[in-house]
Amino acid sequence: MLECYYFFFLGMHEFRRKELTTAIRAYRIAESKLYQVEDELERAEFFFKVSYVYYDMKQTYFSMNYANRALKIFKKYDEYAFQTMRC
């Protein structure tokens, strides 16, 4: 699980540096370990962050795919209405 978070945060860091392909590479590694994260809201946040990188890269299909995955989870929780709107 720590590896998943490591690559997740590495992806966020690389995105902030505008190293988009490096960010995607880190997110892909994190996604391969995402099954170890039990909290589905954490998975939704992950999907949303990945969708944002693809959106920035003008990769609409991939962006929408990840945003929809996040949206399905966020819709289950009323207190996550803001995140639902962002998706």
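In this structure, the separation between OG on S63 and OH on Y52 is 10.0 Å, given to the nearest 0.5 Å. The line from CD1 of I29 to CG of L34 is 13.5 Å long, rounded to the nearest 0.5 Å. Residue R28 holds its CZ atom at 11.5 Å from OG of S32, rounded to the nearest 0.5 Å. Here the CD-CZ distance, from E38 to R43, works out to 8.5 Å after rounding to the nearest 0.5 Å.
Annotation: salt bridge (charged side-chain N to carboxylate O under 4.0 Å, His left out) contacts involving residues 46-55, sequence neighbours excluded, are absent.
The same ILVMFWY cluster, assembled from side-chain heavy atoms under 4.5 Å apart, contains both V37 and Y27. Cluster membership check: V50 shares its hydrophobic cluster with F62, using side-chain heavy-atom separations under 4.5 Å among Ile, Leu, Val, Met, Phe, Trp and Tyr.
Contact detail for Q36 and M1: the closest heavy-atom pair is OE1-N, 2.8 Å. When all heavy atoms of C87 and A67 are compared, the pair lying nearest together is SG-O, 3.9 Å.
By the side-chain contact (heavy atoms from CB on, under 4.5 Å) test, D39 is found to be paired with L41, E42, residues two or more places apart in sequence or in another chain being considered. Listed by chain and residue number, F15, K18, L20 satisfy the side-chain contact (heavy atoms from CB on, under 4.5 Å) test with D56 (two or more places apart in sequence, or in another chain). Remark: Y66 engages E31 in a side chain to side chain donor-acceptor pair (under 3.5 Å) (not counting sequence neighbours). Scanning for side-chain contact (heavy atoms from CB on, under 4.5 Å) contacts around R16 gives an empty result, with sequence neighbours left out.
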Would you give me the side-chain donor-acceptor pairs under 3.5 Å for residues 70-77, sequence neighbours excluded?
from: K76; atom 1: NZ; to: E40; atom 2: OE1; distance (Å): 3.2
from: Y77; atom 1: OH; to: E40; atom 2: OE2; distance (Å): 2.6

What donor-acceptor contacts under 3.5 angstrom involve side-chain atoms of residues 2-14, with partners at least two apart or in another chain?
from: E14; atom 1: OE1; to: R17; atom 2: NH1; distance (Å): 2.9
from: E14; atom 1: OE2; to: R17; atom 2: NH1; distance (Å): 3.0

| message | Go through it in stages, so that I can follow the logic: the residues are F48 and R86, the test is side chain to side chain contact (heavy atoms under 4.5 Å, CB included), and I'd like the CA-CA distance, side-chain angles, deciding distance and then a yes or no. | response | CA-CA 9 Å; F48 180 74; R86 289 177 66 200; 3.1 Å; yes
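Hydrophobic cluster membership of F82, counting Ile, Leu, Val, Met, Phe, Trp and Tyr whose side-chain heavy atoms lie under 4.5 Å apart directly or via other members: M85.
Taking a 6.0 Å sphere around CD of E79, one finds it holds more than 12 heavy atoms contributed by other residues, nucleotides or ligands. Other residues, nucleotides and ligands contribute more than 12 heavy atoms inside 6.0 Å of the CE atom of M57.
When ring centroids are compared, Y61 and Y54 stay outside the 6.0 Å threshold.
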